[in-house]
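We name chains A, B, ... by the order of the sequence lines, and we start the count at 1 in each one.
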2 protein chains.
Amino acid sequence: MTRERIVHTAANLASDRSLDGVTIGVLADELGMSKSGVVGHFGTKEALQLATLDFATDRFRELVWEPVKDQTPGLPRLLAICDSWIAYAENSGFDGGCCVVQISYEFDSRTGAVHDKVAAAVRRWRRVLVADIEAAVAAGDLAPGVNAAQLAFGLESIASGMAPSRMLQGDADTRDWARQAMRTILGLHP
Amino acid sequence: MTRERIVHTAANLASDRSLDGVTIGVLADELGMSKSGVVGHFGTKEALQLATLDFATDRFRELVWEPVKDQTPGLPRLLAICDSWIAYAENSGFDGGCCVVQISYEFDSRTGAVHDKVAAAVRRWRRVLVADIEAAVAAGDLAPGVNAAQLAFGLESIASGMAPSRMLQGDADTRDWARQAMRTILGLHP
DNA sequence: CCTACCGATCGGTAGG
DNA sequence: CCTACCGATCGGTAGG
């Protein structure tokens, strides 16, 4: 399906540069199509951006959540999430890393539909993390009295921080640093 | 000095949108100048971007490093850095948060002069963190055997993660979460 | 899905 | 620092 090809290519370009930088002309060129052929599927550039974001969040769920969703809720699944998340940060299938992280940092201080949609996607993911953190506390696997939202913030920050570490600094140990940092955030001693 | 006004305004716009999004026309409009009046100070857009990045890193050093540079090297200064860093993340003087974080995430997967310059700036800052972490270990204030580079990565990630937490999610507790997360990363128990 | 085209804006230059 | 201008590209439309 052509629409799928378009948003896939758009997400790839967005991860590599920025979502705003994915112009209709560049995208059409990349796809070997005309500009009107591309824009006809969406109507406006903002609608294309929203569809690209949908594609990226689907890919995130597919590569991070789907592989672990049948694990035992609580600490076992939380640790599995950390591992699939780190693997995804290293190989998201997009050239420039996780497209959702890119869009989060690009649109955080703006207003509008893209800002709202990426905020909602991150919020949904946080609820998953918070639920497993709370289940882990209830099971006695994490210290009682931890602030679940604070820990979720910590895990998110570490996962997002992998992109500049790997790609800006070229750190070879990013994976190990992130794995260790996530366990420290959770209060687990190695 | 006009050049100073231009890069200050450019850094403000870049923090709010993106560095690439600071077009010469928009910048000239914002300043009440002509496009050629703006571009004449720099020659090319890339030179303007590099000058804007210089301004932003100067501001970071001034607001995060300068206030704590006379503190005792090691854990005391490290904790002071965490506090000034968090305060800066909440009020950098730029409308859209820390300009260096914005540029890091925007240019991490690109090549070129802006990528290289922001990478070097982050690297310099890391060396400061690593030195104080190592001094804290030597003084017996942090656990022996900690990986200083890994801890620096953790602190950086938390500080950078404040922007989407505050501005994308509107989290009112970002400051407290970050402060707690930084201490946890350092292995300090509250 | 295409060609052809719209007005606006892009980065930048010439000349003063 | 300005006006005036360059060719290229922007998002998008008309018509088929």
Side-chain angles (χ1 to χ4, degrees), chain A residues 1-56 99 102-103 106-107 110-118, chain B residues 1-56 99 102-103 106-107 110-118:
Chain A
M1 193 187 171
T2 304
R3 197 189 140 100
E4 188 87 354
R5 265 186 74 227
I6 297 173
V7 292
H8 190 161
T9 304
N12 228 331
L13 291 171
S15 74
D16 217 46
R17 302 185 59 81
S18 69
L19 187 57
D20 262 358
V22 182
T23 68
I24 295 164
V26 167
L27 189 51
D29 244 43
E30 192 82 13
L31 289 157
M33 293 172 61
S34 67
K35 288 201 301 172
S36 69
V38 169
V39 83
H41 286 274
F42 307 97
T44 66
K45 188 182 179 184
E46 189 178 61
L48 163 65
Q49 291 182 327
L50 293 170
T52 302
L53 177 54
D54 273 333
F55 182 84
C99 201
Q102 173 75 32
I103 296 170
E106 184 178 351
F107 284 82
R110 307 193 198 180
T111 57
V114 176
H115 167 105
D116 294 349
K117 198 183 191 77
V118 70
Chain B
M1 192 191 175
T2 304
R3 199 189 139 98
E4 187 86 353
R5 263 186 76 226
I6 296 174
V7 293
H8 189 160
T9 304
N12 228 330
L13 291 171
S15 74
D16 218 45
R17 306 186 58 79
S18 69
L19 188 57
D20 262 358
V22 183
T23 67
I24 295 164
V26 166
L27 189 51
D29 245 41
E30 194 80 13
L31 290 157
M33 292 172 64
S34 67
K35 288 202 300 171
S36 70
V38 169
V39 85
H41 286 273
F42 307 97
T44 66
K45 189 182 178 183
E46 190 177 61
L48 164 65
Q49 291 183 327
L50 293 170
T52 303
L53 177 54
D54 272 334
F55 182 83
C99 201
Q102 172 77 30
I103 296 170
E106 183 178 351
F107 283 80
R110 305 193 198 180
T111 57
V114 177
H115 167 104
D116 295 349
K117 198 182 191 75
V118 70

| Does B/H8 have any ring-ring contact (aromatic ring centres under 6.0 Å, His included) partners at least two apart in sequence or in another chain, and if so, which? | B/F55
| What are the residues of residues 44-54 of chain B, sorted by number, that bring a heavy atom to within less than 4.0 Å of DNA chain C? |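 Residues of residues 44-54 of chain B that come under 4.0 Å of DNA chain C are, in numerical order, B/T44, B/K45.
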| query | Between residues 7-22 of chain A and DNA chain C, which residues have a heavy-atom gap below 4.0 Å? | reply | none
| task | Provide the start and end nucleotides, 5' to 3', of the part of DNA chain D that has atoms under 4.0 Å from heavy atoms of chain B. | result |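 The contacted stretch runs from D/dC1 to D/dT3.
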Just to verify, what does [X] make a side-chain hydrogen bond (donor to acceptor under 3.5 Å, both in side chains) with, not counting sequence neighbours?
X	value
A/Q102	none
B/E106	none
A/R5	none

| Do B/T52 and B/I6 have side chains that get closer than 4.5 Å, going by heavy atoms? | no
| query | Do the side chain of A/K45 and the main chain of A/D20 share a donor and acceptor less than 3.5 angstrom apart? | reply | yes
| task | Name the nucleic acid region contacted by A/T23, choosing base, sugar-phosphate or nothing; use a 4.0 angstrom heavy-atom cut-off, strictly under. | result |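 Sugar-phosphate contact only.
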| Got a sec, which residues hit side-chain contact (heavy atoms from CB on, under 4.5 Å) with B/T44, two or more places apart in sequence or on another chain? |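 For B/T44 the side-chain contact (heavy atoms from CB on, under 4.5 Å) partners, ignoring immediate neighbours, are B/E46, B/A47.
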| Taking all atoms of both residues into account, what is the closest heavy-atom pair of B/L48 and B/A10, and its distance? |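 Closest pair (atom of B/L48, atom of B/A10, distance): CD1-CB, 4.5 Å.
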| field | A/C99 side, atom SG; A/L19 side, atom CG - distance, nearest 0.5 Å | value |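 Those atoms lie 7.0 Å apart.
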| said: How long is the straight-line distance from CD1 of B/I24 back to OG of B/S36, given to the nearest 0.5 Å? | reply: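 Rounded to the nearest 0.5 Å, the OG-CD1 separation comes to 10.5 Å.
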For [X], check salt bridge (Lys or Arg N to Asp or Glu O under 4.0 Å) against everything at least two apart and list the hits.
X	answer
B/D16	none
A/K117	A/D54
B/R3	none

| field | DNA chain D stem ranges, 3 or more consecutive Watson-Crick or G-U pairs under 3.5 angstrom | value |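 Result, WC/G-U stems under 3.5 Å: C:1-16 with D:1-16.
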| query | Which residue lies toward the 5' end of DNA chain C, A/K35 or A/H41, if each is placed at its nearest nucleotide? | reply |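 Going by which nucleotide is closer to the 5' end, it is A/H41.
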